Each structure stands twice: as C-alpha cells, then as structure tokens.
Amino acid sequence: MLVSELMLQQTQVGRVVPKFDEFMSRFPTIGDLAGASEEQVLEQWSGLGYYRRARLLLGLARSLVERAAPIPDSVEALQQLPGIGPYTAAAIASFAFGRRAVTLDGNVRRVAARFLGFEGDARGRQANARFTEWILGLMEEAPPGTINEALMELGATVCTPAGPVCGVCPFKEGCLAWGSGAPDRYPGPRTARAPESERWVAACVFADDGRILVTKVISGPILRGLWLPPWIGASGAGQDDGEARARALLPVMVKPAGAGREVRHSVTYRRIRIMPFLYELLDERAVPDGWRLVRSEDPGVPTSSLLAKLSEACKPGWIEWNTRRETLNE
DNA sequence: AAGTCGGGGCA
DNA sequence: TGCCCAGACTT
C-alpha cells in the first residue's frame with residue numbers, strides 16, 4: 001500500500017498498475033527495498049515521473065528498517081514519514097488500519113465541491129475544513145475506508161472533471177452543483193503557472209547495434225539523476241548552429257548522421273521542443289566513464305520516457321522524411 | 001500560499 | 001492546446 005499510494009500521487013491508476021506490479025516483484029518486501037541502491041529504485045521508477053517520490057520511498061523504507069519499526073497506524077505518525085503527506089497518511093490509515101481519516105485528493109475535492117456547491121479554492125484551508133466535515137458525517141454510515149474509496153471512485157468514473165454523468169450519480173439528490181444545472185462549473189479553475197516554451201538540441205549517438213549513448217543528468221532543475229542523451233538549450237539557434245552545440249556535448253569522436261524528427265516533451269510548466277542530431281559512434285572503446293551505451297527499450301539505468309522518444313525520433317524512416325522536407329524547403 | 005517536480009490521456 | 005490526475009516538499 002505504501003508503494004501504490006506513493007506511485008498514485010498525481011498519477012492516474014492505469015499508468016501505475018503495470019509499474020506497481022514490476023516494482024513489487026523486484027522489491028517484494030520493505031527489507032528488499034531498503035537494501036536497494038537509489039539507482040536500482042529509480043530504474044524501476046523510470047517513466048513514472050516525479051522522481052523525488054522514489055527517493056523519498058527509499059528513505060522511508062530505510063528509516064523503518066533501521067529502527068526496526070512497523071509501519072505506523074495513525075495519521076499523525078504516518079505523516080512524519082518522508083513522502084507521506086495528508087492524503088497518503090489518510091489513505092493508509094483508513095484503508096489499512098480502518099482509522100477515521102479523510103482522503104482529500106483531487107477526485108474527492110471535486111465531488112465535495114460540487115455536492116456542497118463550494119465556491120472558492122477547492123485546495124485551500126476553508127475547503128479542507130468544509131469537505132472534511134461533510135465526509136466525516138458520511139463515515140457515520142459506513143467504514144472510513146469504504147467511504148474514501150467510494151468518493152474517489154465516484155470522482156474518477158461519474159463525477160468527472162468534464163462532462164460528469166449526473167444521470168447515474170447516487171448523490172444527485174442533494175447535490176448543489178447538480179441543482180445549479182451546471183455541475184462542471186465546480187470547482188473553480190485552478191491557478192496554474194503559464195506554460196513556457198523551450199528549445200533544446202540533443203546529441204543522439206548510436207553504436208552499430210543500435211544502442212544509444214547516455215550520461216547521468218548532473219545539474220539543472222529537472223530529470224536529475226536520470227540517464228539520457230546529452231542536451232542543451234538552443235533557443236533561436238539555426239540548424240547548423242544547433243548541430244554544433246549538440247556535437248560539443250559529446251566526449252567521443254563521432255560521425256554526423258543528420259537530424260531526427262523534433263520531439264516534444266513537457267515537464268510541468270515547461271513545453272520543450274527538442275531537435276535530436278544523430279551521430280555514429282566510431283570507436284565503442286572510447287566511451288569514457290560516466291557514459292554508457294544502452295538499448296532504449298531496456299536501458300538498465302534510471303531514465304525518463306524522453307529517452308524512448310528521442311530514440312524513436314531518430315529511426316531511419318524519420319530521418320529520410322526530415323531530409324526530404326528540408327530539401328523541399330530549400 | 002505559492003512554486004516546483006513527469007508524463008500521458010483527454011476534450 | 002489546456003486541464004487534470006489516489007500530492008508532497010520547499011520557500
């Protein structure tokens with residue numbers, strides 16, 4: 001439950017399920033997890049995003065094992081653990097231990113905001129107090145875990161963000177949003193940072209057997225600790241300029257082999273467009289420490305979905321297409 | 001309270 | 001393209 005709830009933070013169930021199964025077979029017990037390296041845990045987490053969660057989960061496992069402590073059964077104690085905030089503490093306390101705790105996640109906030117006709121910030125303090133009060137009342141009628149799960153499921157399947165299916169909703173009577181005739185007007189819009197566009201160039205070096213050259217992301221605000229082809233910002237750079245910038249990232253002699261298809265990758269508010277430049281590796285033995293050749297479909301190192309995107313964008317079909325388009329433009 | 005972190009699915 | 005998702009942590 002610890003693993004699944006950490007994975008489920010801001011991540012939809014359908015994307016968690018396969019990762020969860022793999023993770024649990026790789027680390028069946030909390031002891032296995034505590035004994036693993038950060039690299040090993042991040043490798044299992046690859047593609048899920050919000051990689052801090054993986055590091056926090058590892059720290060959590062280690063601290064429990066070190067103290068020979070059981071997993072706490074109260075909200076307060078759970079929330080002291082790294083990576084466990086108000087939602088996750090309530091989820092584990094109610095699901096695993098039957099405690100009377102309210103899981104205020106995005107789904108439940110939406111359901112509550114609609115039922116109560118709550119105007120204002122559905123993530124603020126007032127909302128917390130009002131929603132919790134209502135849900136604690138519901139828990140007089142059924143076990144806390146049942147109520148929590150029911151509200152989440154209702155939000156995920158019926159009381160959806162857009163186009164809620166009010167016709168089949170068991171809470172329709174008494175729902176102020178339904179009564180208002182415009183249920184999807186609740187909750188009010190969330191404040192979000194405006195998206196910003198970035199352009200990168202990446203250097204994608206391939207060995208004869210199709211393996212791609214990656215290195216660990218050391219600096220920068222995002223994707224730190226993951227293994228990826230080297231990239232650098234190149235806003236405003238032209239094709240030749242971009243290629244020069246990409247090649248300068250490389251630690252080995254290579255043979256330029258054109259450009260791939262542009263890749264789009266989003267990281268929170270950043271909308272990044274990446275031009276991959278292709279290279280052939282001349283001498284595999286020249287790959288220095290800190291760099292590795294990996295198969296993109298089975299890297300064996302911590303990485304992001306960006307690796308597969310870049311690799312895919314460099315496949316021969318795309319290269320030909322890109323070359324043809326450039327020729328036409330000329 | 002606001003800013004930050006991945007990534008994909010969906011209208 | 002904008003919005004959202006079984007949020008937590010830092011400032």
Side-chain angles (χ1 to χ4, degrees), chain A residues 1-20 42 45-57 59-60 78-96 101-113 120-128 135 145 147-157 159-165 184-197 217 220-226 228 263-273 302-310:
Chain A
M1 195 170 289
L2 277 172
V3 172
S4 69
E5 290 298 346
L6 268 287
M7 286 187 170
L8 284 163
Q9 291 169 5
Q10 291 289 283
T11 308
Q12 287 164 339
V13 179
R15 288 188 47 232
V16 164
V17 170
K19 290 286 180 186
F20 174 78
L42 278 174
W45 206 272
S46 293
L48 260 186
Y50 287 148
Y51 296 94
R52 176 171 55 184
R53 296 180 295 174
R55 299 183 172 99
L56 291 169
L57 177 59
L60 192 165
L78 282 163
Q79 211 174 326
Q80 299 303 310
L81 298 175
I84 298 191
Y87 163 77
T88 308
I92 295 173
S94 66
F95 296 146
V102 174
T103 51
L104 285 184
D105 72 339
N107 286 314
V108 174
R109 289 180 188 282
R110 183 174 55 256
V111 171
D121 181 6
R123 305 174 58 133
R125 278 201 126 68
Q126 285 188 43
N128 289 351
I135 296 168
I147 296 294
N148 284 333
E149 192 175 356
L151 289 172
M152 282 188 253
E153 193 69 10
L154 187 70
T157 61
C159 196
T160 49
V165 197
D184 51 2
R185 205 168 58 76
Y186 298 86
R190 185 172 2 182
T191 59
R193 174 165 179 175
E196 294 177 17
S197 296
V217 180
I222 56 179
L223 304 176
R224 221 177 348 225
L226 307 183
L228 289 164
V263 166
R264 297 163 198 249
H265 192 72
S266 291
V267 178
T268 66
Y269 63 88
R270 304 163 197 270
R271 287 212 292 252
I272 309 161
R273 299 158 70 119
T303 190
S304 143
S305 67
L306 178 56
L307 174 63
K309 283 191 204 173
L310 285 171

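In the text below, chain A, chain B and the rest are named by the order of the sequence lines, each starting its count at 1. Computed from a prediction, not measured in an experiment: that's the story for all the values here.
- Nucleotides C/dC4 and B/dG6 have their C1' atoms positioned 13 Å apart, rounded to a whole Å.
- Across all strands, A/L306 comes closer than 4.0 Å to no nucleic acid atom at all (heavy-atom distances).
- Contact annotation for A/P189: no contact, since no heavy-atom pair falls under 4.0 Å across all strands.
- Heavy atoms only, all atoms of each residue included: A/L6 and A/I84 are closest at CD2-CG1, 4.4 Å.
- Contact annotation for A/R109: no contact, since no heavy-atom pair falls under 4.0 Å across all strands.
- Judged purely by distance below 3.5 Å, without hydrogens or angles, the side chains of A/N107 and A/R110 pair a donor atom with an acceptor atom.
- Judged purely by atom type and a 3.5 angstrom limit, A/R190 has no side-chain atom pairing as donor or acceptor with the backbone of A/R123.
- Comparing A/I84 and A/S4 by the nucleotide of DNA chain C whose heavy atom lies nearest to each, the residue mapping closer to the 5' end is A/S4.
- With DNA chain C read from its 5' end, the first of the two nearest nucleotides for A/E149 and A/P195 is the one closest to A/P195.
- Checking side-chain atoms of A/S46 against main-chain N and O of A/L42 turns up a donor-acceptor pair under 3.5 Å.
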With B for base contact, S for sugar-phosphate-only contact and - for none (protein heavy atoms under 4.0 Å), nucleotides 1-6 of chain B reads S--BBB
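- Rounded to a whole angstrom, the distance from the C1' atom of C/dC5 to that of B/dC5 is 14 Å.
- Looking only at side-chain heavy atoms (C-beta outward), A/L48 and A/R53 come within less than 4.5 Å of each other.
- Put simply, chain A comes within 4.0 Å of DNA chain C, heavy atom to any atom, from C/dT1 to C/dC9, going 5' to 3'.
- The two atoms that bring A/N148 and A/A101 nearest to each other are ND2-O, 2.8 Å, heavy atoms only.
- Using atom P as the reference point in both B/dG8 and C/dA8, the two lie 22 Å apart (nearest Å).
- Taking each heavy atom of A/P187 and A/A113 in turn, the nearest pair found is CB-CB, 3.9 Å.
- Residue contacts for A/K309: at a heavy-atom cut-off of 4.0 Å it reaches the sugar-phosphate backbone alone, with no base atom in range.
- Between A/D105 and A/Q9, the closest side-chain pair of non-hydrogen atoms is not below 4.5 Å.
- Evaluation of the side-chain hydrogen bond (donor to acceptor under 3.5 Å, both in side chains) rule for A/K309 yields A/H265 as partners, not counting sequence neighbours.
- Using a 4.0 Å heavy-atom criterion, one finds that A/V13 contacts the bases of the nucleic acid, with or without backbone contacts as well.
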